[in-house]
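Notes follow once the structure below has been shown.
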Amino acid sequence: MNKTIANVYCVGRNYQLHAEELGNAVPKEPMIFMKPSHAVVPMTGARLDLPPDQGEVHYETELVLRIAREYKPGMSVDELVDVMALGIDFTLRDVQTELKAKGHPWTAAKAFRGSAPMTPYIAFPGTEETAKEDFILRKNGEIVQRGNIANMIFPLQRIIDFVAERYGLGEGDHIFTGTPEGVGPVYQGDQLEISYGSQVLGSCVIGSGPTASGRS
């Protein structure tokens, strides 16, 4: 999968209720951070190992866009995006809290290997059609997150224009577009499954990682 991945842009705090649940201010413009391509792994039912000794690891489920061609001013989302996927922005929450307190970048909390599992691609039906279905994360069979791009603070077009104008956007770039409310911890043995509408797109089982008993 990494061979098809160029830059991986991520949007922080793009759903108001998610920002509020973590006690964060709602941003006035898109908040962009990045993950290395090595963070992206296929979410196809296999075991996923996470850091076991760096505090809580939280799931953050997101719609992911793949850019099919070089951005030129005035291009629409529907012209630029050929396929989409669902992914999880795994976050070392305790580490991130410490970094935020020090005013440091989030890289250590967001960019570790395997921190961006992603489902197989499906065709991007266009912005309006995409908003007709929710994306859903189930943990051990229970729904823990449900999101819809219609509830984003910054819509897809705003995100694409913002990223392209400041950082550049071209073929093979991916954008994790933000997570809705409901983020929470994962532990060894947890089974995660992501759906778009009624269609299951991907799953994984947490191998190494924090333990529920020790909450390490």
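All of these numbers come straight from a predicted model, not from anything done at the bench.
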Linking I/L/V/M/F/W/Y whenever their side-chain heavy atoms sit closer than 4.5 Å, directly or via other members, would [X] and [Y] fall into one cluster?
X      : Y      : answer
Val144 : Met43  : yes
Ile67  : Ile122 : yes
Phe176 : Trp106 : no
Leu63  : Met31  : no
Met34  : Ile175 : yes

Distance, nearest 0.5 Å, that separates [atom1] of [X] from [atom2] of [Y]:
X      : Y      : atom1 : atom2 : answer
Cys10  : Lys110 : SG    : NZ    : 7.5 Å
Glu29  : Phe154 : CD    : CZ    : 7.5 Å
Ile194 : Ile136 : CD1   : CD1   : 11.0 Å
Leu201 : Thr44  : CG    : OG1   : 12.5 Å
Asn7   : Asp173 : CG    : CG    : 4.5 Å
Ile143 : Leu137 : CD1   : CG    : 9.5 Å

Is the [atom1] atom of [X] crowded by more than 12 outside heavy atoms at less than 6.0 Å?
X      : atom1 : result
Gln199 : CD    : yes
Glu70  : CD    : no
Glu171 : CD    : no

Below 4.5 Å, heavy atoms only, C-beta onward: do [X] and [Y] meet side chain to side chain?
X      : Y      : value
Thr211 : Tyr187 : no
Phe124 : Thr130 : yes
Pro30  : Arg158 : yes
Phe162 : Ile32  : yes
Leu192 : Ile206 : yes
Tyr15  : Met152 : yes
Met84  : Val64  : no
Arg93  : Val183 : yes

Write down the atom of [X], the atom of [Y], and the distance for their closest heavy-atom approach.
X      : Y      : value
Ser195 : Leu86  : O-CD1, 3.4 Å
Pro180 : Thr61  : CD-O, 3.3 Å
Tyr121 : Ala85  : CD2-CB, 4.1 Å
Asp94  : Gln54  : CB-O, 4.3 Å
Ser37  : Ile5   : CB-CG2, 3.9 Å
Ser208 : Gln188 : C-CG, 4.1 Å

Is it the case that [X] and [Y] place a side-chain donor and acceptor less than 3.5 Å from each other?
X      : Y      : answer
Tyr71  : Asp161 : yes
Glu60  : His58  : no
Thr177 : Asn14  : no

Expected output: side-chain [X] to main-chain [Y] donor-acceptor under 3.5 Å:
X      : Y      : result
Asp190 : Asn140 : no
Lys35  : Arg113 : no
Glu79  : Ser76  : yes

Is it true that the NZ or CZ of Arg146 lies under 6.0 Å from the centre of Phe135's six-membered ring and within 45 degrees of the ring axis? no
> Between Met75 and Arg69, is a side chain to side chain contact (heavy atoms under 4.5 Å, CB included) present by the stated rule, with each step listed?
Replying inline: CA-CA 10 Å; Met75 294 183 74; Arg69 54 189 57 83; 3.7 Å; yes
**Study point:** Candidate pair Thr127 and Asp78, rule side-chain hydrogen bond (donor to acceptor under 3.5 Å, both in side chains), full reasoning
**Key:** CA-CA 7 Å; Thr127 304; Asp78 294 1; 3.2 Å; yes
Could you walk me through whether Phe112 and Leu50 satisfy the side chain to side chain contact (heavy atoms under 4.5 Å, CB included) test, starting with their C-alpha distance in whole Å, then the side-chain angles of each, then the deciding distance to 0.1 Å, before giving a yes or no?
CA-CA 9 Å; Phe112 55 93; Leu50 299 173; 4.0 Å; yes
- Item | Arg138 vs Gln191, side chain to side chain contact (heavy atoms under 4.5 Å, CB included): CA-CA, chis, key distance, verdict | CA-CA 8 Å; Arg138 289 179 172 85; Gln191 299 184 23; over 6 Å; no
Step by step, would you call Tyr167 with Tyr9 a side chain to side chain contact (heavy atoms under 4.5 Å, CB included)?
CA-CA 10 Å; Tyr167 312 115; Tyr9 296 104; 3.5 Å; yes
Worksheet entry | Residue of the set Arg13, Glu62, Gln145 for which side chain to side chain donor-acceptor pair (under 3.5 Å) holds with Thr179 |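 The passing option is Gln145.
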